[in-house]
Colleague: 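What follows is a single structure, and I will ask about it in a moment.
Counting convention: from 1, in listed order, for ligands and their atoms alike.
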Amino acid sequence: MIQLKTPAEVEKMRAAGLVVAAALAAVQAAVRPGVTPRELDALAESEIRSRGAVPSFLHYVAGVGYVPPGAGHNSFPATICASVNEEIVHGIPRDRRLAEGDVVSLDCGAILDGWHGDAAVTLPVGTVEDAAARLLEVGEGALWAGIAAMQVGNRLRDIGAAIERHVRRHSDYGIVREYGGHGIGTEMHQDPYVLNYRAGGRGPKLVPGVVLAIEPMITMGRPDTVLGDDGWTVATADRSLAAHFEHTVAVTSAGPWVLTAFDGGAAPLGSLGVPTPATA
Ligand code: MG
Ligand code: MG
């Protein structure tokens, strides 16, 4: 069942999305060699709480919901996921300092008035090798290609097809297959699951009120993943670099509205020639 949001509910999700955008912007500004992911996590939490919102990853158990520490579940212990280099997603922010040349995926979610926002960006730490910069460029491009496909009348499968087409056109990178995007609304993870590659079947049509978190994950080597001993951190099996980008996006009759981007997606979608209600 896909939860369709009314325009008023999408406005509430926009407010939650702007909290996420602000938290990620604050964290992004603090990324430099020497900072620790745990410091970035504290910054994100204070940004979220100062806006009257609640971190949505903290104490989350996939498939279960929110479970306090000590209750026998391995709930996520932080506000952000910080995934460094070969880590793809769900990295736990720790005290190891980021170093010049690292890449770090920062994923952040917040709940405001019961509505969720979810977004991620992979950033260079200081100056990175050209090959790493290229990986990030293709990953971000794949995100926007997927978002651009969120048109009324298209189908869900068109999103994954657009993501895969972008990656294949610009690289020979791997596309992670074990994880993908998701519906989002009054829960962080809702139906439908959003593949990051082309698949068979027609799938549901995109209609106004569908809100999805689009989140391609690509790898410089093979796309196979391994789960770390902490039960959370997902990394590439071949230890190759990974990149992950995410936005929460509403389908509207005027085009995709990127709820977790300050400009609603106006600039990146505009450069692709894609109309959006965010264009003022
Ligand atoms: Mg996320
Ligand atoms: Mg997500």
Colleague: With ring centroids as reference points, do H247 and W144 lie under 6.0 angstrom apart?
Modeller: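 Yes: the rings meet the under 6.0 Å criterion.
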
Colleague: Is the Mg ion (ligand 2) less than 2.8 Å from at least one N/O/S atom of H189?
Modeller: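 Checking the Mg ion (ligand 2) against H189, no N, O or S atom falls under 2.8 Å.
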
Colleague: Using a cut-off of strictly less than 2.8 Å, determine whether E246 has an N/O/S atom near the Mg ion (ligand 2).
Modeller: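 So E246 counts as coordinating the Mg ion (ligand 2), yes.
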
Colleague: Looking only at N, O or S atoms, which one in D118 sits nearest to the Mg ion (ligand 1)?
Modeller: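 The Mg ion (ligand 1) is closest to the D118 atom OD1, counting only N, O or S.
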
Colleague: Mind checking whether H189 and Y60 have ring centres under 6.0 Å apart?
Modeller: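 They qualify: ring centres under 6.0 Å apart.
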
Colleague: Atom CZ of residue position R222 - does it have more than 12 heavy atoms of other residues, nucleotides or ligands inside 6.0 Å?
Modeller: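 It does not: R222 CZ has 12 such atoms or fewer within range.
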
Colleague: If you count the non-hydrogen atoms of other residues, nucleotides and ligands that lie under 6.0 Å from CG in D113, is the total more than 12?
Modeller: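 Atom CG in D113 is not packed in, count stays at 12 or less.
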
Colleague: Any chance the side chains of H244 and E215 put a donor and an acceptor closer than 3.5 Å?
Modeller: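 Yes - a donor-acceptor pair under 3.5 Å links their side chains.
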
Colleague: Roughly, to 10 degrees, what angle do E215 atom OE2 and H182 atom NE2 form around the Mg ion (ligand 2)?
Modeller: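 It rounds to 90°.
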
Colleague: In D107, which N, O or S atom comes closest to the Mg ion (ligand 1)?
Modeller: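 Per the distance ranking, D107 contributes OD1 as its closest N/O/S atom to the Mg ion (ligand 1).
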
